[in-house]
Amino acid sequence: MTRALAFATALLLASLSHTPAAQAADPVHFWDLQPRSLRLLVASPQVMVTRTKTGWDAYCRCPVVLAPSEIPEVMKKAIIAIEDKRYFDHSGVDVTALLSVLKGGLTRGGSTIPMQLLKNLVFHDLRASDVLTRLERKGAEVWYAGLFNEAVGKEELLAAYLNQIEFGGRDIVGLYRASRHYFRKEPKDLTLYEAALLAGMVKAPARLNPLRESTRERAHERALLVLKLMAEQDLISDKERRQAEKAGIRPGMLPEFKIQPQAFAEWVVETWGEKYVQPGETVRFFVTLNPRVQHIAEQQLSRLVKDGAVPLQYDAGAVMMAPNGRVQAMVGSVNWSQRQFNNAVKARVQAGSTAKLPLLIAACEAGRMPESRVMDQPVRGTWPANGELGYRGQTTLKEAFASSRNAAAVRLTQELGADTVATVSRRIGIDPGPAADSSFVLGSYSSNVMTMTAAYTAVANGGYRIEPSGLLAVVDGRGQVRADFLTPMRTRVIHEKCIEPTQAVLREVVQHGTGRAAQMKHWAAYGKTGTSTGNADAWFVGWSEQRVFGVWMGRRRGAAGHAVAGAGAPAAYFGRVATAVNEWAERQQRLEEQRLASARPKRGLEPGKIVDWLSSLPQAMTLPSASSAQKKPSRDKRT
């Protein structure tokens, strides 16, 4: 009777603490968000930010997000068997399981997968062991699990659960990273026994670790229990169970999946921490980082360094950005473990010829087309110099930009007016300084990778200036949404008539100009190289398939040795990363299309929800909606 009263109290506390959102003054909570927004958030990494007395403690919960089609059926069956056997039959709350709470008390559980996911993603302030806290959390889980289940959908929610649960420590979050850590293989290659081992670990990863001698036998016994339950629930046959027990673990050869997200996490804290986190709090920042893209960017840079294309005297910074400004990868340095300085955001360096972008736009606005003629001759003496190119005299605008002719750029700036070109530069987000003269188009001012990447994004996305962002939402430990960035805003800053001509010239840079090292076999690439005086700074900023990637490589102060130009390692780095990301994105799309075609009605899979899920993935490179007002983004707008 006491336990029944305790459970009733839990529901009462939930109803009192989480009143319906009909009152306008009430705060918005995680579960109040639109279904499309919820699907986006449950498939996102988070930066956990704690504000201490002396500073900040932040780390990235960075699961590799698997689409439902990428999760093997054996894994889905195993987790359902051990954690929520009536998952596909209930609507978020399993009444039968909850009755066990009346018999065994709150410690017995009764939590469904939707309830557990809510606890893992939202209620980090409600994890204390005291009775009142447990009552409040359990009540909130019960109260909102149904809404959560309805909004996200069964297949998507199951995938989110497997993506977000921890299998042992901060770095082993989600099925993908667990599969690579424990078995050195992709999830698609998991055996039935390995899936059972992982499903069994969820209860207590430290006590059920299959790699440690002291816990290996316990993990094996738990796996046998999972297999037994799977057979009893007719998810597998007895023959399959026996075969799995005999097969055991079959480790692969892949290395553990590791990334260095510290630069991104640092940027999040320094940009938004003061505004949204009070002293003593831990707040969850749902972020735009894509761990797979981040891994590709780090891996390809390491290979270039190993091959000697990036000399030891050079450091690097890079940013990959979606057309709506969401940052999906950030490389802060060549090796963060050796040098913790975020070159992508903090390095103020000369922009080189990447600064010619506003000149190209201004020329179009003045009526100049790619085939228009420009004069490539020095303005005085031998200035500006074109290096080994020499001077061509009359040439086309397209050729002058593709070959990066400095003399032609300065002359054209003088014709159009330095103030006019500087105004365009500020309009797309690049500040050349208060008194810019015609030489600023050669990149004599200082900028950073984030700024230059955002400026080129305005051309890639059809002419809209964006504010770079790493956030999707800020949620406190009781589920209140302190801010959301789920509806990016856009402002047109480039006339529509100038988009195609500008893109055509940047395409020519890659096809026949200084950016040839960025070429790819199967996809078009656009961009611009840049190299500052003495090869101190080397750049390539461009895009492919609307994924904008800005790269800077710079010589460390006082270092001597082999020089790097933008046409070399930066352009090659862009080409390698863009190729790998495009290949991955195409595979992802094919898998989801196959899932859509074979959706099973018996599980309530609605094609419309699958399309919504696809479009809401953090890695989906979608433009802001056309309905967005042309004004500055509202940071605290709730969706």
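When reading the values below, keep in mind they use all heavy atoms of this one structure, side chains included, and skip hydrogens, waters and symmetry mates. Residue numbers start at 1 and run along the sequence shown.
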request  = Output, in order, the C-alpha distance, side-chain angles, deciding distance and verdict of side-chain contact (heavy atoms from CB on, under 4.5 Å) for Phe485 and Leu472.
outcome  = CA-CA 5 Å; Phe485 300 73; Leu472 296 169; 5.8 Å; no

request  = May I ask you to say whether Glu415 pairs ionically with Arg368, meaning some side-chain N is under 4.0 Å from a carboxylate O?
outcome  = yes

task = Give the minimum heavy-atom separation between Ile466 and Thr457, together with the two atoms involved.
result = CG1-CG2, 4.0 Å

ask   = Has the side chain of Ser544 got a donor or acceptor atom that lies under 3.5 Å from a matching backbone atom of Ala524?
value = yes

inquiry  = Can you tell whether the side chains of Arg587 and Glu593 come within less than 4.0 Å, N to carboxylate O?
reply    = no

inquiry  = Between Arg392 and Gln377, does the side-chain hydrogen bond (donor to acceptor under 3.5 Å, both in side chains) criterion hold? Intermediate values first, please.
reply    = CA-CA 7 Å; Arg392 189 162 184 172; Gln377 287 291 347; over 6 Å; no

request  = Please answer whether the main-chain N or O of Glu399 pairs with a side-chain N or O of Thr396 as donor and acceptor at a distance below 3.5 Å.
outcome  = yes

query = Quick one: which of Tyr526, Tyr456, Phe574 gives a ring pair (Phe, Tyr, Trp, His ring centres under 6.0 Å) with Trp543?
reply = Tyr526

task = To the nearest 0.5 Å, tell me how far Glu467 CD sits from Arg465 CZ.
result = 5.5 Å

inquiry  = Could you tell me if the side chain of Arg339 sits less than 4.5 Å from the side chain of Val334, heavy atoms only?
reply    = no

Greater than 12 external heavy atoms within 6.0 Å of Lys497's NZ = yes

Sole candidate of Val345, Val269, Thr288, Val319 that passes side chain to side chain contact (heavy atoms under 4.5 Å, CB included) when paired with Phe264 = Thr288

task = Check for a donor-acceptor pair, side chain of Gln546 on one end and backbone N or O of Ala322 on the other, with a separation under 3.5 Å.
result = no

task = Determine whether the side chains of Glu266 and Gln262 contain a donor N or O and an acceptor N or O closer than 3.5 Å.
result = no

request  = Mark yes or no for whether Ser469, through its side chain, and Leu471, through its backbone, hold a donor-acceptor pair below 3.5 Å.
outcome  = yes

message = For Asp484 and Ser37, which I'm curious about, is there any donor-acceptor pair between the side chains at under 3.5 Å?
response = no

task = Determine whether the side chains of Asn461 and Arg490 contain a donor N or O and an acceptor N or O closer than 3.5 Å.
result = no

remark   = Of all heavy-atom pairs linking Asn406 and Ala385, the shortest is ND2-O, 3.1 Å

inquiry  = Do Trp552 and Val541 have side chains that approach each other closer than 4.5 Å (heavy atoms only, starting at C-beta)?
reply    = no

query = Step by step, would you call Glu586 with Trp523 a side-chain hydrogen bond (donor to acceptor under 3.5 Å, both in side chains)?
reply = CA-CA 11 Å; Glu586 284 199 355; Trp523 299 277; 3.1 Å; yes

Audit row: Lys521, Thr579, side-chain hydrogen bond (donor to acceptor under 3.5 Å, both in side chains) steps and yes/no = CA-CA 9 Å; Lys521 290 182 179 180; Thr579 297; over 6 Å; no

query = For Leu289, does its backbone N or O pair with a side-chain atom of Gln294 as donor and acceptor, under 3.5 Å?
reply = no

task = Not counting sequence neighbours, which residues clear salt bridge (charged side-chain N to carboxylate O under 4.0 Å, His left out) with Arg576? List them please.
result = Asp307

key: Exam field: side chain Arg51 to backbone Val277, donor-acceptor pair closer than 3.5 Å   = yes

ask   = Any side-chain heavy-atom pair from Leu486 and Leu40 closer than 4.5 angstrom?
value = yes

key: Minimal non-hydrogen separation, Pro468 against Met450, with atom names   = CB-SD, 3.7 Å

message = Check for me whether the distance between the ring centres of Phe549 and Tyr573 falls short of 6.0 Å.
response = yes

Just list the side-chain donor-acceptor pairs under 3.5 Å for residues 429-438, sequence neighbours left out, or say none.
| residue | atom | partner | partner atom | Å |
| --- | --- | --- | --- | --- |
| Asp431 | OD1 | Gly433 | N | 3.0 |
| Asp437 | OD1 | Ser439 | N | 2.9 |
| Asp437 | OD1 | Ser439 | OG | 2.5 |

query = Distance only, no hydrogens: is a donor on one side chain within 3.5 Å (strictly under) of an acceptor on the other, for Asp315 and Asn343?
reply = yes

ask   = Distance only, no hydrogens: is a donor on one side chain within 3.5 Å (strictly under) of an acceptor on the other, for Ser532 and Asp537?
value = yes

remark   = So CG of Asn290 and CZ of Arg292: to nearest 0.5 Å the spacing works out to 7.5 Å

remark   = In Thr423, Val424, Thr420, the residue satisfying side chain to side chain contact (heavy atoms under 4.5 Å, CB included) with Pro358 is Val424

Side chain Arg177, main chain Cys62, donor-acceptor under 3.5 Å = yes

query = Among pairs that include at least one residue of residues 294-325, which meet ring-ring contact (aromatic ring centres under 6.0 Å, His included), considering only residues two or more places apart or in two chains?
reply = Phe257-His295

request  = Could you tell me which non-hydrogen atom of Ala309 sits nearest to which non-hydrogen atom of Val564, and how far apart they are?
outcome  = O-CG2, 4.1 Å

message = Counting C-beta onward and ignoring hydrogens, is there a side-chain heavy-atom pair between Val510 and Arg516 closer than 4.5 Å?
response = no

request  = Before giving the answer on salt bridge (charged side-chain N to carboxylate O under 4.0 Å, His left out), spell out for Asp171 and Lys258 the whole-Å C-alpha distance, their side-chain angles and the decisive distance to 0.1 Å.
outcome  = CA-CA 8 Å; Asp171 292 332; Lys258 291 185 177 180; over 6 Å; no

inquiry  = Before you tell me yes or no, could you show the steps for Thr502 and Leu357 under side-chain contact (heavy atoms from CB on, under 4.5 Å), namely the whole-Å CA-CA distance, both residues' side-chain angles and the distance that decides it to 0.1 Å?
reply    = CA-CA 9 Å; Thr502 303; Leu357 178 64; 4.3 Å; yes

ask   = Any donor and acceptor pair, going by atom type alone, linking the side chain of Gln164 with main-chain N or O of Ser44 inside 3.5 Å?
value = yes

request  = Could you go through the side-chain contact (heavy atoms from CB on, under 4.5 Å) check for Lys346 and Phe341 one step at a time?
outcome  = CA-CA 8 Å; Lys346 294 181 178 179; Phe341 182 80; 3.5 Å; yes

message = For Pro45, is there any backbone N or O sitting under 3.5 Å from a side-chain donor or acceptor partner on Arg61?
response = no

key: Worked check of side-chain contact (heavy atoms from CB on, under 4.5 Å) between Val49 and Tyr59   = CA-CA 7 Å; Val49 181; Tyr59 70 93; over 6 Å; no

remark   = Here the pair of heavy atoms bringing Thr395 nearest to Ala400 is CG2-CB, 4.1 Å

message = Please tell me whether Ser404 and Thr514 have a donor and an acceptor in their side chains that are separated by less than 3.5 angstrom.
response = no

query = Have Arg284 and Gln46 got a donor and an acceptor in their side chains that come within less than 3.5 Å?
reply = yes

Which atom of Gln350 lies closest to which atom of Gly443, heavy atoms considered = CB-O, 3.5 Å

ask   = Do Lys398 and Ser372 meet the criterion of a side-chain donor-acceptor pair at a distance under 3.5 Å?
value = no

message = Check for me whether Arg492 meets the cation-pi criterion with Tyr464, that is, NZ or CZ under 6.0 Å from the six-membered ring centre and within 45 degrees of the ring axis.
response = yes

key: More than 12 heavy atoms of other groups within 6.0 Å of Glu496 CD   = no

inquiry  = Please determine whether the number of non-hydrogen atoms from other residues, nucleotides or ligands lying under 6.0 Å from atom CG of Leu389 exceeds 12.
reply    = yes

Main-chain N/O of Leu312 paired to Arg556 side chain as donor or acceptor, under 3.5 Å = yes

ask   = Between Arg507 and Glu500, does at least one N-O distance fall below 4.0 Å, as a salt bridge requires?
value = no

